[in-house]
Amino acid sequence: ERYRRHLHAYELMRLCVSLWSGLVVAYFVNMYVHLALPVGHPLRLESLAMYVDSGFDAFAKTAYMRQILDAHNEIFHSEGLARKQLMELRKLMSVLWTSSSDLIILTVKHEKKRLSLVS
C-alpha cells in the first residue's frame, strides 16, 4: 500500500514538472511570436498570451484532477481498500494452508446453518 502511495506521488510530481515545463515553453513561443511577426500580423494578437495561458491552465487542472481522483480511488476508496485487504488475507491464508501440517477445522455458523471445512 505504501508503495502505491509513493508511486502515485511520483506520477503527480512528474505530471506537475511536465505541465510547468510546457507552460514555460508556451511562454517562450508566445514571446518569439511577438518578436518575430510584424505589428498588425493576424497571428500576432495582443491577447494571445491570455488565450494560451487560460487554455493551458484548464488543461493542467483537468490533468491534475484526473491524477488525484485515480490516486484517491485506488488508495483511499472503501471498495479498493477492502479489495486490497482481502487480497492480503488471501495471500496470508494460502501461505498458512501450504505451510501447515496440522489438522485445521474451520466452522462458520450463519442463520441456523453451519459450514465446516476440514484440512
Short question: side chain of Ser94, backbone of Lys91 - any donor-acceptor pair under 3.5 Å?
yes
Arg66/Asp70 ion pair, N-O < 4.0 Å:
no
Atom OH of residue position Tyr27 - does it have more than 12 heavy atoms of other residues, nucleotides or ligands inside 6.0 Å?
no
Atom CZ of Arg5 and atom CZ of Arg2: how far apart are they, to the nearest 0.5 Å?
9.0 Å
What is the distance from atom CD of Glu46 to atom CG of Leu48, rounded to the nearest 0.5 Å?
9.5 Å
When rounded to the nearest 0.5 angstrom, what distance separates OH in Tyr32 from CG in Leu37?
8.0 Å
Can you get from Met31 to Val25 by hopping between Ile, Leu, Val, Met, Phe, Trp and Tyr side chains that sit under 4.5 Å apart?
no
Evaluate the criterion side chain to side chain contact (heavy atoms under 4.5 Å, CB included) for residue pair Leu19 and Leu23; output intermediate values, then yes/no.
CA-CA 6 Å; Leu19 289 175; Leu23 186 62; over 6 Å; no
Look at the side chain of His34 and the backbone N and O of Leu45, then say whether any donor-acceptor pair between them is shorter than 3.5 Å.
yes
Reported CZ-to-NZ distance for the pair Phe56 and Lys61, which is rounded to 0.5 angstrom
13.0 Å
For the hydrophobic clusters of this structure (ILVMFWY residues joined by side-chain heavy atoms under 4.5 Å, transitively), does one cluster hold both Leu35 and Phe28?
yes
pair Ser21-Val24: side-chain heavy atoms closer than 4.5 Å:
no
Find out whether Arg14 and Tyr10 are in side-chain contact, i.e. whether some heavy atom of one side chain is under 4.5 Å from a heavy atom of the other.
yes
How close do Ala49 and Asn30 get, heavy atom to heavy atom, and via which atoms?
CB-ND2, 2.9 Å
Closest non-hydrogen atom pair, Leu12 against Gln67:
CD1-CG, 3.8 Å
Flag yes if Tyr64 and Phe59 sit in one hydrophobic cluster, no otherwise; membership is Ile, Leu, Val, Met, Phe, Trp, Tyr, and two members link when side-chain heavy atoms are under 4.5 Å apart.
yes
